[in-house]
2 protein chains.
Amino acid sequence: MQLQHQYRTFVLVADMQALTDNADNPEKVRQNLTEVVLDYLAVGLDPKVATFCVQSMLPELAELTMYYLNLVTVARLQRNPTVKEEMRQKDFEAQVPAGFLCYPVSQAADITAFKAHLVPVGEDQKPMIEQTVEIVRSFNRLYGEVLVEPEALVPQIARLPGTDGQSKMGKSLGNAIYLSDSADVVAKKVRGMFTDPKHLRVEDPGTVEGNPVFTYLDAFDPDTEKVQGLKDHYRRGGLGDTVVKRRLAEVLEAFLGPIRKRREDYARDPAEVMRLLKEGTERAREVTSRTLSEVRKAMRLDYWP
Amino acid sequence: MQLQHQYRTFVLVADMQALTDNADNPEKVRQNLTEVVLDYLAVGLDPKVATFCVQSMLPELAELTMYYLNLVTVARLQRNPTVKEEMRQKDFEAQVPAGFLCYPVSQAADITAFKAHLVPVGEDQKPMIEQTVEIVRSFNRLYGEVLVEPEALVPQIARLPGTDGQSKMGKSLGNAIYLSDSADVVAKKVRGMFTDPKHLRVEDPGTVEGNPVFTYLDAFDPDTEKVQGLKDHYRRGGLGDTVVKRRLAEVLEAFLGPIRKRREDYARDPAEVMRLLKEGTERAREVTSRTLSEVRKAMRLDYWP
């Protein structure tokens with residue numbers, strides 16, 4: 001509770017960034033806008049505490065990006081490990097759109113416009129925060145102390161593997177469980193999950209390590225003793241995958257049920273979600289426009305009030 | 001006069017673009033803002049006919065740039081002949097700022113925000129218009145017919161050589177005559193001009209071709225017969241450089257005198273120049289914000305009015 005008084009929380013839905021690799025599919029970007037917000041609301045982000053806002057409706061972010069682009073070399077952007085990895089995954093090669101190469105600069109604008117201290121990111125996104133810190137330092141050195149250096153807030157629970165147990169969960173990989181999935185769909189996805197491929201018969205001993213069913217149980221089952229019992233039994237042999245998966249489906253349903261319920265409640269009123277975004281964006285603009293004013297003043301671009 | 005009724009003229013002072021290679025010298029960019037406008041006013045651009053506006057005070061230009069950056073590959077930007085030549089001149093090598101590489105996209109935003117049909121440019125800037133046309137075509141193909149393809153308007157009079165006769169006139173080359181130069185300074189610069197290096201004594205025959213004093217006379221002396229007479233005499237021998245230069249100084253003074261006078265009149269009231277820019281920018285925003293609305297609607301980013 002104390003945090004609320006010291007900090008404000010902003011949740012920015014990055015539709016402009018989504019366009020950097022979806023320029024040919026703007027309809028998808030538009031639909032995802034509300035889907036993303038519904039997910040956040042479903043998991044319990046309280047719109048009275050967190051301010052939801054839309055990137056493309058905050059023109060100051062585009063303006064800051066233009067100024068920051070002059071503080072970063074092309075070579076530096078091409079060295080960004082996250083961008084390099086994403087370019088490889090997307091098979092861009094020489095055809096990488098300029099907007100995609102530059103998106104870390106746009107992210108620096110998103111972060112600094114709010115003078116954010118803490119930015120929650122996955123481990124793989126840490127280079128983005130490093131790029132932002134570099135831009136903040138260059139800016140403050142050239143124009144005066146205006147911007148705030150952010151810190152990455154990396155969650156302690158590691159990223160869950162996908163249901164295929166092979167790589168991280170991802171929409172494009174088709175190995176994800178969604179917050180919007182029905183109980184039946186979740187149960188079906190759990191039944192189809194990868195387990196120990198050598199555990200062919202119920203009586204065979206099975207491996208728990210790297211077995212995604214157990215990784216998920218560790219993350220979601222509040223009854224740790226029960227999980228330990230299942231692990232021991234599985235290792236000894238005599239415990240079928242079906243039984244373990246049934247337990248996981250129950251546990252996931254207990255976790256996802258209330259989330260799904262909340263999501264459905266909000267999803268029934270898309271106009272309300274849009275109103276929430278609009279009001280949040282208006283509140284956010286007060287902050288971003290103040291930062292832009294300070295930036296322009298420092299850069300001697302304050303021609304008239 | 002008819003043109004005025006069919007078209008509107010906008011003069012955009014590109015301070016954001018100036019920052020792409022002057023990020024470390026914002027004071028210079030600020031000072032040049034009024035200097036550039038004074039030059040335009042001095043040569044006779046009528047602020048009642050042409051709308052003067054400031055690039056960085058039109059946020060729509062930054063927003064359009066963000067969307068257009070997704071329609072251009074990095075490889076395409078790196079092939080731009082004008083940018084390549086400028087990068088060579090500025091000795092950027094691997095240290096080229098991202099904003100500099102991307103400035104043709106920002107120019108496309110400047111042009112298309114006004115749905116400009118004609119853009120007056122020097123021959124060397126034609127690749128910028130080609131880049132804009134490509135972006136317009138990609139945009140219209142992906143999102144629908146919103147943007148207008150511009151055409152380059154290249155002046156028929158070729159670029160004047162510098163007073164050194166070696167290359168094009170340029171501030172950084174120290175071979176330019178400025179609209180703000182006093183009569184004395186102009187006379188002095190003319191006296192120091194490069195002529196035919198083989199024309200050592202008055203009685204020697206001299207060469208007219210490639211002799212910048214005669215190039216300038218051709219461009220500025222309304223008395224073409226007199227110029228022809230001087231040329232003949234110079235070729236025969238017996239005409240000193242001093243005499244020809246004295247004529248050029250007179251002719252330039254007749255041309256520059258009224259310009260200088262108008263510049264001084266405007267320069268006396270910098271607040272008036274700023275007011276003119278502010279009012280012009282407000283009028284320009286009506287146009288740029290209408291274009292951005294159309295662009296966002298076509299891109300399905302019209303979340304709320």
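Just so you know, these numbers use all the heavy atoms, side chains as well, and skip hydrogens, waters and symmetry mates. Protein chains get the first letters and strands the later ones, always in sequence-line order, with residue 1 at the start of each.
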Applying a strict 4.5 Å limit to non-hydrogen atoms, the region of B:L71 in contact with chain A is side chain
Bottom line for B:S56: the part with an atom under 4.5 Å from chain A's heavy atoms is both
Bottom line for A:L19: the part with an atom under 4.5 Å from chain B's heavy atoms is both
Applying a strict 4.5 Å limit to non-hydrogen atoms, the region of A:T20 in contact with chain B is both
A:Y303/B:K278 under side-chain contact (heavy atoms from CB on, under 4.5 Å): CA gap, chis, key distance, verdict: CA-CA 9 Å; A:Y303 303 128; B:K278 183 168 184 282; over 6 Å; no
Whatever's closer than 4.5 Å to a heavy atom in chain A on B:V105 counts as neither
Any side-chain heavy atom of B:F100 sitting closer than 4.5 Å to one from A:T73? no
| More than 12 foreign heavy atoms under 6.0 Å from CD of A:E151: is that the case here? | no
Of the listed B:C102, B:P59, B:S138, the one with the largest count of heavy-atom pairs under 4.5 Å with chain A is B:P59
*asked:* So for atom NZ, which belongs to B:K297, do other residues, nucleotides or ligands contribute more than 12 heavy atoms lying within a distance under 6.0 Å?
replied: no
Checked A:N70, A:V74, A:V96 vs chain B; the most non-hydrogen pairs under 4.5 Å come from A:N70
Of the listed A:R296, A:R275, A:R141, A:R76, the one with the largest count of heavy-atom pairs under 4.5 Å with chain B is A:R296
| Above 12 or not: heavy atoms from other molecules or residues under 6.0 Å from OH of B:Y178? | yes
Pair count under 4.5 Å, heavy atoms only, with chain A: among B:Q95, B:M57, B:M274, highest is B:M57
TODO: Determine yes or no for a side-chain-to-main-chain donor-acceptor pair under 3.5 angstrom, with B:Y143 supplying the side chain and A:A23 the backbone.
DONE: yes
Rounding to 0.5 Å, atoms OH (A:Y67) and CE (B:M16) come to a distance of 5.5 Å
With a 4.0 Å cut-off, would you call A:D302 and B:R30 a salt bridge? yes
So, the part of B:F92 with a heavy atom under 4.5 Å from chain A: the answer is neither
If one checks every heavy atom of B:L33 against chain A at 4.5 Å, the contacting part turns out to be side chain
**Message:** Could you check whether atom NZ of B:K115 has more than 12 heavy atoms from other residues, nucleotides or ligands sitting under 6.0 Å from it?
**Reply:** yes
So, the part of B:M66 with a heavy atom under 4.5 Å from chain A: the answer is side chain
Of the listed A:A62, A:P26, A:A98, the one with the largest count of heavy-atom pairs under 4.5 Å with chain B is A:A98
The interface call for B:Y68 against chain A, heavy-atom contacts under 4.5 Å, is neither
Here the gap from B:N25 atom CG to A:R300 atom CZ, rounded to the nearest 0.5 Å, amounts to 11.5 Å
Counting heavy-atom pairs under 4.5 angstrom with chain B, the leader among A:L292, A:D15, A:L61 is A:D15
Under 4.5 Å to a heavy atom of chain A? For B:E60 that would be neither
Applying a strict 4.5 Å limit to non-hydrogen atoms, the region of B:T281 in contact with chain A is side chain
**Neighbour count >12 (heavy atoms, 6.0 Å) for atom NZ, B:K28** = no
Cut-off 4.5 Å, heavy atoms of chain A, and the answer for B:L77 is side chain
